[in-house]
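Take a look at the structure set out below.
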Amino acid sequence: MDDLLSDFVTETNENLAELDVALVKLERNPGDVATLSLIFRLVHTVKGTCGFLGLARLEKVAHAGENVLGKVRDGLMVATAETVGVVLQGLDRLKEIVNGLAATGAEPVGDDSALIAALNALAEGRTPVKAAPAPAPTAKPTPAPRPVEAKPVAKPATAIVPAVAAPVVAKPPAVEAAPEAAAGNQTIRVGVDVLENLMTLVSELVLTRNQLLQLARSNEATAFTTPLQRLSHITSDLQEGVMKTRMQPIGNAWNKLPRLVRDLSHELNKTIELVMSGAETELDRQVLELIKDPLTHMVRNSGDHGLETPAERRAAGKSETGHINLNAYHEGGHIIIEIADDGRGLALDAIRAKALSRGLATEAELLAMPEQQIARFIFHPGFSTAAAVTAVSGRGVGMDVVKTNIEKIGGTVELKTVEGQGTSFTIKIPLTLAIVSALIVEAGGERFAIPQLSVVELVRASSEPGSETVIERINGTPVLRLRDRLLPLVSLNGLLRLTAAETAEGASGAAETYIVVVAVGATTLGIIVDRVFDTEEIVVKPVAPIMRHITMFSGNTILGDGAVIMILDPNGIARATGIEAAGGARNQTKAPAEASTDAARVPMLLFRAGDATPKAVPLGLVARLENFPRDRIESGAGNLMVQYRGRLMPLIAMPGIGQSDASQPVLVFVENDRAMGLMVDEIVDVIEDRLEIELCHGDPGLLGTAVIAGHATDVIDTGYWVTRAWADWFTKTTDGSAGKRRPRLLLIEDNNFFRQMMTPTLSAAGYDITAVDSGARALQLRDAGTKFDVIISDVEMPEMNGIDFVRLVRSSGAWSQLPLIALSGMVSPEAIEEARNAGFTDYVGKSDRDALMQSLRQCLAQPVTA
Amino acid sequence: MSQQLALAPAGQDSSAVDGRDNAHVLVTLMVGDQLCGVPVLSVRDVLGPQKITRIPLTPPEIAGSLNLRGRIVTAVDLRVRLDLPPPPADLKRMSVVTEISGELYALLVDSVAEVLSPPQSSFEPNPPTLPKVWARYSSGIYRLADRLLVVLDVTRLLALKPEQA
């Protein structure tokens with residue numbers, strides 16, 4: 001395909017992409033004059049160049065589109081969703097034709113009459129003001145690097161005849177890379193391969209410079225030293241400059257997203273707003289290509305699964321429009337991209353269930369897992385909890401591919417989700433792939449490079465007990481105790497099978513070993529090596545195709561001394577040793593929890609508490625398993641408690657449990673918004689078995705003894721233990737109408753002492769209390785519109801006494817139907833009579849606390865009209 | 001130390017042979033006791049003994065990688081490829097460098113001899129008695145005056161299947 005056409009294809013594709021974004025913008029804001037002019041200009045340019053080149057099909061479609069847009073520009077039509085939709089269809093058709101043109105060198109054959117008719121129908125119905133859509137001379141200043149402006153303006157309109165082969169004759173030479181004179185635009189078009197070549201050459205220059213520097217280091221100052229320094233500086237600058245040519249704004253990867261979101265919102269009948277910030281953040285072209293697809297996928301997911309329908313959002317009290325926020329910025333040597341939505345968040349229960357049914361974790365493991373770790377199961381291959389596979393997503397092939405692609409380029413994906421509020425992903429990728437800092441290590445007599453970005457720290461471990469960093473063995477697997485963490489360890493020697501003898505591992509126990517601690521996603525692991533050298537800037541070269549399948553290498557490079565070494569990929573290493581990025585090392589021997597098919601078999605949690613007999617509780621009753629450090633357990637009023645999830649949770653100890661360990665295992669039971677913890681000695685296992693209680697002892701904490709997993713096991717009486725923490729665990733705390741809300745109570749009492757004494761008492765009883773010191777102030781609240789569920793009022797008060805107050809309230813106003821309780825120091829039949837007549841619902845003596853509570857409960861049990 | 005020979009122009013995929021005239025000009029080399037030849041236009045460089053870095057977890061045919069003027073070259077051990085016993089420890093082996101699809105490969109051989117153009121009349125297709133492993137990589141045989149010259153097919157030599165690591 002000749003240069004003219006290929007330039008045309010490139011440029012038209014760019015224009016069409018820009019049109020996409022602009023049209024979506026216009027649809028959102030039909031009055032946006034600037035966008036409208038831009039659109040019209042772009043379509044006009046496209047049409048013009050099509051005609052100039054004799055591309056009839058393209059010209060006709062563009063012409064029809066321009067008609068419609070012309071009407072909009074002149075204010076004869078409004079850019080409604082329907083209008084924009086049809087114009088977008090026209091754009092898609094243009095894209096199709098241009099792609100066909102790029103592939104074959106000629107316009108593909110096709111029929112656009114239906115589309116053109118639709119566009120014309122839109123445009124018609126009005127007086128056709130313009131006879132011929134001749135390009136107004138003003139609309140031509142698009143700075144195109146082609147000498148189209150040289151042609152007489154009228155030519156495009158008349159060059160419709162396809163017989164005009166290629167008006168190449170009049171084309172001035174040197175179309176490619178010709179710096180144009182128009183509009184002072186100082187840009188140049190350069191082929192991508194030219195830049196690639198440049199990059200390769202510069203990389204080799206860097207390597208050679210490194211070699212020279214190495215040689216110079218070993219010799220004394222010679223005549224070579226100064227020029228070499230200078231050369232080194234220039235090379236660094238050159239390297240920086242060429243890297244800059246590869247940098248592109250991330251907006252380039254984002255430009256397809258507005259259109260995507262628009263189509264998505266129409267398809268799913270949701271209102272979605274996409275907010276993009278940081279589009280000008282630059283990153284390497286290569287990296288950009290690799291993250292385009294993952295980003296698109298995640299935005300799709302947010303729109304499809306994350307955001308709710310307008311009706312659902314309204315019901316949840318959210319704005320009808322769902323938001324997807326994209327944010328990009330630089331940090332350290334990375335670019336951070338955040339994708340957040342304010343939708344329904346991930347359904348953690350569904351994920352738990354799916355993880356269980358796929359055998360990815362046992363019940364006990366799931367119970368002990370923090371929420372963010374459970375959320376990470378979505379990165380597992382084939383994992384999709386979407387009930388239905390829609391055309392958009394749900395096939396379960398998405399998120400694991402996204403994670404793999406991002407990790408392939410040395411990046412990480414983190415995820416945060418809150419049910420009901422939304423989900424956000426954070427992607428962190430290195431700014432460039434070509435030249436990285438790497439730590440050079442040696443193992444088995446060979447040297448390797450580990451990318452500096454993954455390295456967290458270097459540790460020298462000895463097997464002397466008592467040193468801070470010791471290599472220990474658990475079941476024969478080495479682990480490193482580093483400060484207060486346990487790190488899984490892997491020997492590079494063993495992993496790469498470098499030395500024939502496996503005794504190399506045993507030998508390392510005696511001497512000191514070096515461990516490189518690397519971070520892989522959210523996990524850290526330690527790589528045992530023989531020696532550590534220094535950090536060098538290396539040029540990453542891809543491995544030969546025959547070795548591409550070896551996941552432990554991410555490339556190879558040439559060091560300053562000319563040696564070729566392999567670059568290790570920490571992700572590949574972690575995968576190879578079975579350390580999933582989703583969590584710590586998994587014990588391979590644990591069998592997945594079987595789905596319970598036998599109705600009589602119940603999953604039971606086994607634990608030890610106080611004596612040797614195993615104890616059991618039905619797993620379904622247990623909300624979570626926790627392990628509290630003993631110093632977090634606090635004591636108040638003779639009871640033990642712990643701060644848990646922002647509230648105080650009472651702890652009850654099973655009789656006879658030990659107090660010596662540093663941490664206390666606890667079974668957490670939860671009901672509504674109440675939680676209690678049962679302290680035990682040790683959590684043993686989860687077993688499924690029939691629950692048949694045979695012996696009953698009359699021990700209040702136990703239901704009896706059953707045979708579970710072949711052993712006599714005491715089954716605890718959960719009800720007994722939870723009521724020891726909360727006496728009213730099983731009684732309903734609130735009435736139906738108020739739901740979980742604490743009833744609002746107004747206390748009117750002029751005596752300061754009594755008022756201040758009653759307030760915390762009533763609050764502890766579960767009421768939301770407001771206290772005022774006079775009837776007048778209470779009435780002010782009423783007139784300000786404050787609402788309550790019940791009012792307690794003193795009778796003997798200065799200025800306005802209780803009787804007058806209640807009369808006033810009952811006569812009119814917002815509170816006339818509320819229950820009002822009289823509180824008085826005097827309890828006599830006459831006083832009660834007077835109060836009742838005046839309108840009080842009930843009468844209680846000030847000293848009778850119980851009667852007051854009783855009365856409140858009764859009053860609130862009646863349905864209230866507020 | 002590398003000995004330069006002619007002459008594939010840089011950047012060109014030299015395994016493509018242009019001009020049938022040169023098709024039978026061969027660089028001869030010894031692998032084990034057998035005289036072999038590869039088309040001269042496939043050869044970019046002939047190298048003397050090199051420092052070759054082992055690559056872990058690769059199949060035995062891959063001897064490792066070496067540095068050729070700043071480019072990384074994958075070395076393939078022809079003795080292993082052709083199922084021959086390992087060479088004597090003191091033998092300093094040479095390499096013939098070829099390029100396929102932009103990647104450089106070094107064929108590790110015992111020694112490299114001269115360039116020959118045997119007459120076409122002496123060319124014969126593989127005899128049925130040729131051992132299987134040779135037949136796989138040979139594109140024919142030249143009957144020389146005193147011995148046989150096996151023509152090696154470079155593309156097939158380098159068609160290494162990635163094994164599951």
Side-chain angles (χ1 to χ4, degrees), chain A residues 193 196-197 200-212 440 442-449 491-500 538-553 555-569 572-573 575-576, chain B residues 1-2 9-13 15 44 47-78 80-81 86 95 97-108 137 154-165:
Chain A
D193 36 351
E196 284 294 334
N197 260 346
T200 317
L201 287 173
V202 168
S203 314
E204 306 225 5
L205 185 62
V206 168
L207 286 178
T208 314
R209 186 270 314 261
N210 290 351
Q211 270 179 289
L212 283 173
I440 314 296
E442 182 184 294
E446 302 281 344
R447 281 183 292 174
F448 299 93
S491 156
L492 197 53
N493 224 319
L495 195 63
L496 300 179
R497 294 175 228 151
L498 293 169
T499 48
I538 55 171
V539 177
V540 177
K541 292 181 185 273
V543 300
I546 16 157
M547 302 188 284
R548 292 249 165 92
H549 65 285
I550 306 179
T551 54
M552 277 183 267
F553 302 129
N556 47 13
T557 184
I558 301 180
L559 288 183
D561 64 0
V564 178
I565 64 170
M566 306 303 294
I567 305 173
L568 298 173
D569 179 5
I573 293 180
R575 232 168 299 173
Chain B
M1 197 184 65
S2 69
Q12 205 172 54
D13 190 14
S15 60
R44 286 178 60 103
L47 306 177
Q50 299 285 312
K51 177 171 181 342
I52 298 182
T53 313
R54 282 167 52 208
I55 306 175
L57 304 178
T58 45
E61 293 96 29
I62 313 265
S65 21
L66 56 94
N67 172 4
L68 180 63
R69 294 189 296 276
R71 288 189 68 179
I72 299 184
V73 180
T74 310
V76 177
D77 190 334
L78 284 195
V80 177
R81 202 80 174 115
S95 313
V97 178
T98 182
E99 179 168 2
I100 294 194
S101 317
E103 295 281 336
L104 287 176
Y105 297 92
L107 305 172
L108 203 54
Y137 302 116
V154 173
T155 318
R156 266 185 267 158
L157 273 176
L158 294 176
L160 297 147
K161 281 198 255 309
E163 283 180 23
Q164 301 310 311

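Each chain gets a letter, A, B and so on, in the order the sequences are listed, and its residues count up from 1.
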Item to check | Top contributor to chain A contacts, counting heavy-atom pairs under 4.5 Å, from Ile55(B), Ile62(B), Leu66(B), Thr74(B) | outcome: Ile55(B)

Checklist entry - Contact part of Thr208(A) toward chain B, heavy-atom cut-off under 4.5 Å: side chain, backbone, both or neither? => result neither

Checklist outcome for this item: Distance col, row Ser65(B):OG vs Met547(A):CE, nearest 0.5 angstrom, shows 5.5 Å

Checklist outcome for this item: From the list Val543(A), Thr557(A), Val564(A), the residue making the most non-hydrogen contacts under 4.5 Å with chain B is Val564(A)

Checklist outcome for this item: CD1 (Ile72(B)) and CD1 (Ile558(A)) are apart, to the nearest 0.5 Å, by 4.5 Å

Checklist outcome for this item: Shortest non-hydrogen pair, Ala544(A) vs Glu103(B), comes out as CA-OE1, 3.7 Å

Checklist entry - With only heavy atoms counted, which part of Leu158(B) is less than 4.5 Å from chain A, the side chain, the backbone, both or neither? => result neither

